[in-house]
Each structure stands twice: as C-alpha cells, then as structure tokens.
Asker: 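Please see the structure below; I have some questions.
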2 protein chains.
Amino acid sequence: MRPDDFPEIRALPLFRDMAEEGFHALMRGAYVQNFPPQVDLIREGEPSDFLHVLLDGLVELFATWNGRETLLATTRPVTTFILAATIRDAPYLMAARTMTRARVVLIPSEDVRAAFDADPAFARAIVADLAQSYRSVVKNTKDLKLRSSLERLANYLLREQRRAGAAPAFDLPFDKRRLASLLGMTPENLSRAFKSLQAYGVATDGGRIAIGDQADLERFAKPNPLIDDRST
Amino acid sequence: MRPDDFPEIRALPLFRDMAEEGFHALMRGAYVQNFPPQVDLIREGEPSDFLHVLLDGLVELFATWNGRETLLATTRPVTTFILAATIRDAPYLMAARTMTRARVVLIPSEDVRAAFDADPAFARAIVADLAQSYRSVVKNTKDLKLRSSLERLANYLLREQRRAGAAPAFDLPFDKRRLASLLGMTPENLSRAFKSLQAYGVATDGGRIAIGDQADLERFAKPNPLIDDRST
DNA sequence: GTCGAGGATTGATAAATATCAATCAATGAA
DNA sequence: TTCATTGATTGATATTTATCAATCCTCGAC
C-alpha cells in the first residue's frame, strides 16, 4: 500500500473516528490492487473474505438469475462496498466488476470484525454505515414499486443533477445501457423515456443532460426526500 | 409492562446477549400498548422516537407516494421493527399499521442508542440485525428486478412452504390483496397468476395452498438461496 | 336463517414494457 | 483515414401488467 493512500481511507466516515492503533492494525493486513476495466472483483455467492475500498475508478455491483442480469448500484471513489457480507461473514449477494481501470484496497474480513470488537468508535461507524445502506436500499425499493419507469428516470435525473451541484446541465456517470439496467428497464425503453421527457424540458446530447425547466420537471417527477434523498 | 413480557423480549437475538443491567435499564423506559386492528402505529416521515417490538398480532409495513401505496413487509411476533431509523435518528421510511389486534412494546430511541454505546454485546447484536436486514432488502430487490410477477409468486410460495415446515399444504399468512401488493402486482393479476401456476401443480382453496408437485414447481421457480433464503 | 360488505375472481380492454430487427453514430485499432 | 465494434436509436410487434366493470363468494352482524 502506498503511504499516500492512507489519508484517503482514513478520511472515510467508516474509519475517521477509529483509534490510531486499530486503524494501523487494519491497514497492516490490507493491500492495494490495480485492475484493468471489465474485471470481475467479486462473484455472487462467494465467501466474503475482504472488505473492499475503491480508491480510483468505477465499479459496478450487479446480480444475476436465470440468465438475466441487473445493475444494482455503482460505486465511485472513495467508498467501501459489501460491508454487510463482511460483517455477517456471509456470501456476497452481488457481483462486482470494474467499469474502468480501478485501484482497490482489500481488507481481510476477519480483521474488520476484530476491529469492530476492539474499537467502539469503529463499531459506531459501522452501525451508522449499515443503517444508512439499509435505508438507501429501502428507498430504492419504494422507487421501484411505486413509480413507473418514466417517473424513475425523471427522479434519477433530478438526483444526479443535485449531485452535480444543481447545475442545469450535467453528464451521466456511465452509459445508457447501464442506466437502463439500474432503473429496471431496457435500453430501448430508456431511449423512449428520454424522448418523452422532452415534453418537460429535458434535452439530451449523448450522455449530457440539460434540464430546461426545473419546475416543470419537478412537477412531473414529484421527488420525495423519503425516496430520493439517498444521504439520510 | 407485564412481567411475563420480559422473557419473550429477552429471548430475541437483539437482546439475548445484553448485560442484565443494561437490559433492565432499557425495559424501565419501555412500555406496552395494545392496539385494535387497522390502527396506524407509525407514519412515513415522522421522527423515529421509539423502537417497536411486536409481541402479539400482525403489523404491516407500507409506503406511499403520489396517491399509490405498496406493502413492503409484514412482521409477526416476536420481532423488532424500524431499527435503522432508530439508530440513525432519522425519519421513518415506512408506515406501520396493525392488521389484527396487536400488543407492541415501545422503547425510546434515545435509550436504545445509549444502550448501544454502553453494551458491546448489544452493539454486536444491532450490527448483526442491521446487516441481516440490509441483505434481506437486497434479496427482495433482486427478486423484483430479475423476476416476472409469476416467478415472484412461485418463489414466494416455496418460501412460505419452507417456513411452514416444508409441508405440501399451508395457509397464506394474510389476504391476497396484501400479497399482491407485497409482490408488486394487482389483485387481479395475482388471481391470474395463481391460475397459471395450476399448470405446475399448485392448487388453491381460499387462502390454503397445496403444492402437488414440488419438483415441477421448483423447476419453474428456480429458487436461489441468494434471493430466497431470507435468513442469512 | 337473511342481508351486506369486502375480498376474490373473471372477462374485456388499455397501457406499459419488452423483444426483435434494422439502422445510425461514436470511437478506437490498424 | 478506414474499418470494425459497440452502444444508441427507431419502428414494428409481442408480451406483460394494469384498469375497469361485473359478478361471485364468504363470513359476520343481526
């Protein structure tokens, strides 16, 4: 592990409040790996031997069943992923694959569980992280069950816009094929959905989105913090 | 609180390993309430003042948006619910309503958070509970995104059957209107789905389900532990 | 027992979404 | 540059799912 990786990891909410000693113990067992794009990091059903921390690049989390595949989430730096499996010492429920070149820290799951027992501040951070992750998935379920695909897209755009600093134009973080899968629709349908949203002032140019009439789009999308605020 | 409520609560995985003193401190601030059927216990968006423990009866957890409503889960005794909101001190994401007469213990959220800080065994139990809840919702998301409504019903029946001790016949735990909402479909569609499953040996008589040909149904449903095993 | 009320079912139709096939456009390798 | 590959879009069609309306049960109140 490069020494300058430490501060980035240390700054994560999950590790921020750890005692110095425990953090170093964790880092001693950890190591960094570099991956090319399109590499499987994790396969569904495998034992969860490592907690992963993404330092650079993009990683997609997806699941498969009966020959079908769906995108469940994407992670951007710097974030941890698959904490729950690590804690439960249970098989991964999602697979992970690099979308770009990526640099990832692998921390042995045993060490994480040991640190949890040893450091109350770390325990608190883990609980906060899990509770937040849980709530985030519940919000996603509400999105899926209560909204049509067009409504999901409209609200997704508003969320991405907010992440981009509420600017009237922003870029999609990945291709539309993946976005379709994330939103639970086909690429063809996504194309048509974008076209339908033109009526509410949404313009697209490749992966660039421009929201012409904020109020109009929001009137249609009816965003709700209990679904769309993915931070609390 | 009736003294004979204590053992039931104490036996829950969440409280089982707590130090005696901490458990009693929690119980001192807690109180029991009895509710008639169809009473709102919790409304979406309200501050999460209490952790709830269901002692008797059935409670449904649901969510609404834009005039639509969907059932997200049901709880049976003895279980806690909405732990994540309590921990995060964040608004409830789901509403809760009694389906039958119900007896519920209310534990002030502050007390739960205090006990978390004071008792490492309780902290461990909370983490285990949250990690498990998270994984359970992820499995549900995979079910929703990867399967058709007919496939969801088939797998739901297999899960309920297993819960009923793998018997060839068992009763649905609530009415079909609710089941339809839980599975993300309309009651009309559920009726037709049951009819379609007759081809795989599923017979219904009111809320009673008989699985005539286990292997045949499983061949169609393709159950998968990474979706359908809701206990790990 | 009779009567209602609410859930369940059925049929007809509409809407949403997926599939299939055919371009079209962008991008990177040679 | 040119070609090949991959993603995006479009149109036509099929499938899935929802909606609407009309019964049909079932079960509890009286």
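Below, read A as the first sequence line, B as the second, and so on, with proteins coming before strands; counting in each chain starts at 1.
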Asker: Map A/L150 and A/E188 onto DNA chain C by nearest heavy atom, then report which one ends up closer to the 5' terminus.
Answerer: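 Closest to the 5' end, via its nearest nucleotide, is A/L150.
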Asker: Looking only at side-chain N and O atoms, does A/Q38 offer a donor or acceptor that is under 3.5 Å from a partner on A/R97?
Answerer: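 Note: A/R97 and A/Q38 side chains miss the donor-acceptor criterion.
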Asker: Would you work out how much the helix from C/dG1-D/dC30 to C/dA30-D/dT1 bends between its ends, with each end axis defined by five base pairs, to 10 degrees?
Answerer: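 Taking five pairs per end, the axes differ by 40°.
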Asker: Side-chain donor-acceptor pair under 3.5 Å between B/E69 and B/S181, yes or no?
Answerer: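 No.
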Asker: Do the side chains of A/R208 and A/D205 get close enough for a salt bridge, i.e. N-O under 4.0 angstrom?
Answerer: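 Answer for the salt bridge query: no.
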Asker: When you measure from the side chain of B/D175, which nucleotide among C/dT10, C/dG7, C/dA18 comes out closest?
Answerer: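 Comparing C/dT10, C/dG7, C/dA18 against the side chain of B/D175, the answer is C/dG7.
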Asker: Are any of A/N189's side-chain N or O atoms less than 4.0 Å away from OP1 or OP2 of C/dA18?
Answerer: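 Indeed, a polar side-chain atom of A/N189 lies that close.
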Asker: Between C/dG6 atom P and B/M99 atom CE, what is the distance in whole Å?
Answerer: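 It is 17 Å, rounded to the nearest whole Å.
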Asker: Between the side chains of B/R147 and B/D228, is the shortest nitrogen-to-carboxylate-oxygen separation below 4.0 Å, so that they form an ion pair?
Answerer: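 Here B/D228 pairs with B/R147 in a salt bridge, since their nearest N and O are under 4.0 Å apart.
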Asker: Between the base of C/dG11 and the side chain of B/R192, is one N or O donor paired with an acceptor at under 3.5 angstrom?
Answerer: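 Such a pair is found, so the answer is yes.
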Asker: Is any side-chain N or O of B/S148 closer than 4.0 Å to OP1 or OP2 of D/dT16?
Answerer: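 No.
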Asker: If you only use heavy atoms from C-beta on, which nucleotide in C/dT10, D/dA8, C/dA18 is closest to the side chain of A/R177?
Answerer: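 Minimum distance to the A/R177 side chain belongs to D/dA8.
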Asker: Hey, mind stepping through B/L130 and B/L83 against side chain to side chain contact (heavy atoms under 4.5 Å, CB included) and telling me if it holds?
Answerer: CA-CA 8 Å; B/L130 284 175; B/L83 178 58; 4.3 Å; yes
Asker: Under the criterion salt bridge (charged side-chain N to carboxylate O under 4.0 Å, His left out), I'd like the reasoning laid out for A/E151 against B/R68: C-alpha separation, chi angles, the key distance, then a yes or no.
Answerer: CA-CA 13 Å; A/E151 291 164 342; B/R68 301 166 209 169; 2.8 Å; yes
